Amino acid sequence: MQYLAEGLRLPTNGLDYTILAIYFVVVLGIGFAARASVKTSLDFFLSGRSLPAWVTGLAFVAANLGATEILGMAATGAQYGVAVVHWYWIGAIPAMVFLGLVMMPFYYRSKVRSVPEFLLHRFDKSAHLLSSILFAFSAILIAGVNLYALSIVVEALLGWPQWVAIVVAGLFVLIYITIGGLSSAIYNEVLQFFVILAALIPITLLGLKRVGGWDGLSGSLEKQHGADFMTAWGGTGIGDANPLGANWLTIILGLGFVLSFGYWTTNFAEVQRALSAKNLSAAKRTPLIAAFPKIFIVFVVMIPGLVAAVIVPKIGTPGSDLTYNDAIPLLMQELLPNGVLGIAVTGLLAAFMAGMAANVSSFNTVFTTDIWQRYVKKDQPDAYYLKFGRLITAVGVLASIGTAFIAASFSNIMTYLQTLFSFFNVPLFVVFIIGMFWKRASMKSGVWGLLAGTTAAMVNYFVIYKQGIIDIPSDQGANFVSAIVGFVAGAVVMVAVTLFTAPKPEAQLAGLVYGTESPDADEAPDEGDSAWYRKPALLGWGAIVLATLCYLPYSL
């Protein structure tokens with residue numbers, strides 16, 4: 001990520017800093033309030049599986065709504081135009097519905113504490129250990145992206161030195177997660193969801209007013225970039241040129257299937273929120289409830305990016321001192337009065353902290369339960385793992401600081417995140433999907449599928465794309481192709497290994513493979529469970545239909 005332009009310093013005053021201080025006090029207050037509920041390691045890592053669906057649903061979407069997404073998707077809007085809607089309506093909603101309706105019953109009924117632990121039950125220890133290490137590594141990398149991005153933004157907007165921003169944000173995340181565990185992180189994410197919206201909505205509305213409404217915005221951008229810039233599918237025919245550098249096939253397969261399903265269904269930073277729900281019904285509804293605000297969030301991140309492209313036509317070009325990542329800060333400086341500016345800055349910091357906290361809380365769970373407890377210190381008292389979980393949280397925050405600067409070479413931080421997802425989430429997804437729907441998939445096929453998928457995706461990106469062996473127009477296009485290559489390689493290797501190795505005994509597959517009888521689980525229904533809004537299938541199909549209808553104004 002490149003440094004934000006020095007000229008973006010915000011005219012903050014005492015009112016803005018007062019709002020910011022109040023927010024930090026509330027965040028710590030939630031952490032201390034949640035401490036009373038943390039008595040066991042299950043309380044610390046999964047909130048004792050006690051939270052209602054509306055809380056876990058809002059936390060689910062807030063965990064994804066980090067500032068990397070806010071800055072990154074606004075940057076994507078400024079760079080690629082309306083095509084950014086693909087990341088939401090194709091690249092999120094179907095996968096969130098699939099997670100809720102198909103995969104959550106497998107996760108929740110098996111009573112696993114993490115996504116990698118499911119692979120232990122379905123495959124073997126080698127697949128479990130490798131997936132745990134890959135996930136822990138990727139979680140720290142992604143948390144580092146949030147921390148690095150925060151330091152750059154705060155330095156540019158408020159004048160704080162980078163190290164001050166890193167220490168302050170990291171310290172607050174460390175305190176409230178260490179004290180209150182996942183419950184503290186989740187309740188803070190619910191708060192952060194509303195703070196983030198309070199920051200983005202004024203920017204969106206004032207930005208539209210500044211450029212003459214939607215008609216003025218569309219007219220200006222079509223003159224600058226052509227009509228395809230304001231359509232979702234324009235120029236995406238195979239062989240056609242478009243700013244995104246991807247055709248409809250790579251968008252649907254690379255983003256809509258492989259990257260999307262790989263992220264939303266196997267990324268424990270998200271799944272952990274659903275696993276903390278009080279029963280299976282609430283767990284299934286968690287990603288479905290989150291899908292509805294997700295449908296509309298695209299507007300408050302895309303429109304600011306489009307507005308920035310009108311206000312500064314050369315944003316992100318070699319002739320400009322503004323990168324695409326400057327879109328949101330630019331509008332904050334140009335449009336917001338004091339007071340509202342304080343809310344916007346608070347919302348941006350809240351978004352960074354939400355993204356970092358989601359990854360740190362998932363990291364401490366996987367490292368403690370899947371690596372330390374399983375392979376290093378077995379059969380210790382529960383109090384030991386609770387204490388170790390708090391310790392490894394501090395280690396995770398410090399490691400995030402160390403990995404933050406890896407993101408420095410990417411001018412669009414969303415591109416960097418998509419690269420990480422193609423390396424780590426996609427191979428995990430192919431192993432999950434084959435293991436859950438094919439009983440014959442052998443125990444050893446899991447680890448080899450992970451290795452093959454991760455290696456193939458990295459080779460495609462770093463060798464075939466970066467060395468120019470195959471001409472792919474953009475980093476985003478390369479990410480889509482890497483995801484497809486990783487998925488295919490993992491699937492082929494799993495099938496090949498399965499043909500020469502022993503399957504898992506069928507008696508051990510109950511509840512782990514689709515169509516097998518699930519073991520009994522604590523699935524006490526909610527009161528009034530017959531209400532339509534408590535029916536996961538209706539919620540899921542409703543989200544898909546609504547997201548599809550949203551495409552109509554942006555069709556060809």
Side-chain angles (χ1 to χ4, degrees), residues 1-13 16 20 65-82 84 148-160 162 165 196-214 216-218 220-221 224-225 229 243 297-352 407 410-415:
M1 176 179 176
Q2 297 177 354
Y3 287 83
L4 295 178
E6 293 182 2
L8 290 179
R9 187 67 49 81
L10 296 179
T12 49
N13 61 17
D16 301 314
L20 189 59
L65 192 59
T68 49
E69 168 155 342
I70 292 173
L71 293 185
M73 284 304 180
T76 303
Q79 186 173 3
Y80 301 125
V82 167
V84 72
Y148 179 77
L150 176 136
S151 70
I152 299 301
V153 169
V154 170
E155 181 185 42
L157 300 186
L158 302 180
W160 298 4
Q162 282 189 45
I196 292 166
L197 290 184
L200 291 177
I201 290 173
I203 295 175
T204 302
L205 296 178
L206 292 172
L208 279 174
K209 182 179 179 181
R210 172 73 173 269
V211 297
W214 182 258
L217 179 68
S218 300
S220 298
L221 291 176
Q224 294 175 24
H225 302 283
F229 198 77
I297 285 171
V298 64
F299 295 111
V300 293
V301 293
M302 174 185 72
I303 292 175
L306 299 177
V307 170
V310 172
I311 293 177
V312 184
K314 294 187 178 296
I315 187 172
T317 64
S320 172
D321 63 344
L322 295 172
T323 71
Y324 293 114
N325 289 320
D326 293 328
I328 291 287
L330 171 69
L331 297 190
M332 290 171 62
Q333 180 197 57
E334 290 281 327
L335 304 173
L336 300 184
N338 291 108
V340 178
L341 187 60
I343 295 174
V345 171
T346 302
L348 206 56
L349 294 182
F352 280 113
F410 289 79
S411 62
N412 184 329
I413 51 180
M414 207 62 203
T415 300

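Since this is a predicted model, take the numbers as computed values, not measurements.
- Using a 4.5 Å cut-off on side-chain heavy atoms (C-beta onward), Pro304 and Leu330 make no contact.
- Considering CG of Leu331 and CZ of Arg210, their distance stands at 8.5 Å, rounded to 0.5 Å.
- Expressed to the nearest 0.5 Å, how far OH of Tyr324 lies from OG1 of Thr76 amounts to 10.5 Å.
- Nearest heavy-atom pair, Leu336 versus Pro202, reported as atom, atom and distance to 0.1 Å: CD2-CB, 4.3 Å.
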Side chain to side chain contact (heavy atoms under 4.5 Å, CB included) between Met332 and Ile203: does it pass, once the steps are laid out?
CA-CA 7 Å; Met332 290 171 62; Ile203 295 175; 3.6 Å; yes

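- Judged as a side-chain contact (heavy atoms from CB on, under 4.5 Å), and not counting sequence neighbours, the contacts of Ile343 are Ile19, Ala198.
- Scanning both residues, Asp16 and Gly342, for their nearest heavy atoms gives OD1-N, 2.8 Å.
- Checked options Leu206, Leu221, Leu217; the residue passing with Val307 is Leu217 (criterion: side-chain contact (heavy atoms from CB on, under 4.5 Å)).
- Contact between Ala309 and Gln224 at its shortest, heavy atoms only, is O-OE1, 3.3 Å.
- Between Phe229 and Gln79 the shortest heavy-atom distance is CE1-O, 3.6 Å.
- Pairing each heavy atom of Trp214 with each of Leu208, the nearest pair is N-CD2, 4.2 Å.
- Residues forming a side-chain contact (heavy atoms from CB on, under 4.5 Å) with Lys209 (at least two apart in sequence, or on another chain): none.
- Leu306 has its side chain out of reach of Val84: every pair of non-hydrogen atoms, C-beta onward, lies at least 4.5 Å apart.
- Minimum interatomic distance between Thr204 and Val300 (heavy atoms only, all atoms of both residues): OG1-CA, 3.4 Å.
- Considering CG of Leu65 and CG of Leu200, their distance stands at 7.0 Å, rounded to 0.5 Å.
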